[in-house]
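Read through the structure below, which is laid out as structure tokens, and then see the notes.
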Protein chains: 2
Amino acid sequence: MSTEIKKFTERQEEIANFANALAHPVRVAILDLLASKACCYHGDMADELPIANSTLSQHLKVLKDAGLIQGEITPPKTKYCIHRDNYKKAGEIFSFFFENALETTFSEEGVILCS
Amino acid sequence: MSTEIKKFTERQEEIANFANALAHPVRVAILDLLASKACCYHGDMADELPIANSTLSQHLKVLKDAGLIQGEITPPKTKYCIHRDNYKKAGEIFSFFFENALETTFSEEGVILCS
DNA sequence: CAAATTATTCGCAAATATACGAACAGTTTT
DNA sequence: AAAACTGTTCGTATATTTGCGAATAATTTG
């Protein structure tokens, strides 16, 4: 049965996915660290974040699955960095999402505006 | 005891909060509806979305709590619309967040880049 | 005032997320 | 090879999210 009913658009799912990756402050903090240092080892981050090592691994996995970061094992350490292409893509999707809505809502003609 | 230890910055919490509101495709879809029609009644949205009425109310509450939308009871219906100011603010925060990271990571000088 | 309409809240069930320590795996160092 | 170091995975506990139907509330219509 190829009768898979699509409930939402690709785009909506994509936005939700990226947003979900950013939906926990520690993950935002992780991205801040990666952004500020361009690269970071698991251990370095563990020192700066108020969570256990294993918890950090989980959050890193979430970010990796969302495509926002990539990890590289360089024994004995693991180096993480921002996945540039996807990061850029995420930024574009969000900026488009917000811009678009405001344009419509703020449109001069025709459109009914809220009180 | 006013010894509340701040684990994350205001900004990080704020980003996570907005992101959390967008972290479910149905909520993205709701915002799409509100954006395209500038305004929408609960019932109109319920007709277009593949979820129960009560579930819709919950999602609307999440969006309202995040500040992205506002509701106005106009009996017998409830009218929802995008909260322009906060929406704009969210858009700015995100665009800043992504821009900033990429600038740093892509910086020409000094900064160590990932493989 | 009764009935209909609309949307929220409640109560519950199931799934997912978050967090931690312990156990494990892979390298490197001794 | 043993010990040390680094990070992931596992097992578990707890909290939150998601979803629905039933019950409720608030207003309008008959």
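Predicted, not measured: the structure shown is a model, and the values here were computed from it. Below, each value reflects all heavy atoms present in this structure, side chains not excepted, and no hydrogens, waters or symmetry copies. Order of the sequence lines sets the chain letters (A, B, ...), proteins ahead of strands, with each chain counted from 1.
- The side chain of His42(A) sits closest to dT8(D) out of dC20(C), dA19(C), dT8(D).
- Rounded to whole Å, the distance from CZ on Phe8(A) to P on dG19(D) is 7 Å.
- Out of dG7(D), dC10(D), dT8(C), the shortest distance to the side chain of Ser54(A) is found at dC10(D).
- Minimum atom distance to the side chain of Thr55(B) is reached by dC20(D), of the listed dT9(C), dT28(C), dC20(D).
- Using a 4.0 Å heavy-atom criterion, one finds that Ile51(B) contacts the sugar-phosphate atoms exclusively.
- Counting only heavy atoms from C-beta outward, the side chains of Leu63(A) and Tyr80(A) never approach each other to under 4.5 Å.
- Listed nucleotides dT6(D), dA19(C), dC20(D) differ in distance to His59(A); the shortest reach to its side chain belongs to dA19(C).
- Side-chain proximity of Tyr80(B) to the nucleotides dC20(D), dT6(C), dT8(C) is greatest for dT8(C).
- Of the listed nucleotides (dT18(D), dT6(C), dG7(D)), dT6(C) has the atom at the smallest distance from the side chain of Lys77(B).
- Salt bridge Lys37(B)/Glu48(B): present, at least one basic N to carboxylate O contact under 4.0 Å.
- Here dT8(C) presents its P atom at 13 Å from CD of Glu72(B), a figure rounded to the nearest Å.
- With salt bridges taken as basic N to acidic carboxylate O contacts below 4.0 Å, one links Lys89(A) and Glu14(A).
- Residue Tyr41(A) places no side-chain N or O under 4.0 Å from the OP1 or OP2 atom of dC5(D).
- Note: CG (Leu63(A)) to P (dA17(C)) measures 13 Å, nearest angstrom.
- Between Arg11(A) and Asp32(B) there is a salt bridge, since a side-chain N of the basic residue sits under 4.0 Å from a carboxylate O of the acidic one.
- Rounded to whole Å, atom C1' of dT16(C) lies 12 Å from atom CZ of Arg27(A).
- In this model, no donor atom of one side chain and acceptor atom of the other lie less than 3.5 Å apart for Asn20(A) and His24(B).
- Ile73(A) places its CD1 atom 9 Å from the C1' atom of dG7(D), with the value rounded to the nearest Å.
- Sequence order on DNA chain C of the closest nucleotides to Asn53(A) and Asn20(A) puts Asn20(A) first from the 5' end.
- Rounded to whole Å, atom C1' of dT16(C) lies 11 Å from atom NE2 of His24(B).
- For Gln58(A) against dA17(C), no side-chain N or O and base N or O form a donor-acceptor pair under 3.5 Å.
- Nearest nucleotide to the Ser57(A) side chain, out of dG7(D), dT8(D), dA19(C): dT8(D).
- When the P atom of dT17(D) is taken as reference, atom CG of Leu56(B) falls 18 Å away, rounded to whole Å.
- One interatomic measurement links the two molecules: CG of Asp47(A) to P of dC5(D), which rounds to 14 Å at whole-angstrom precision.
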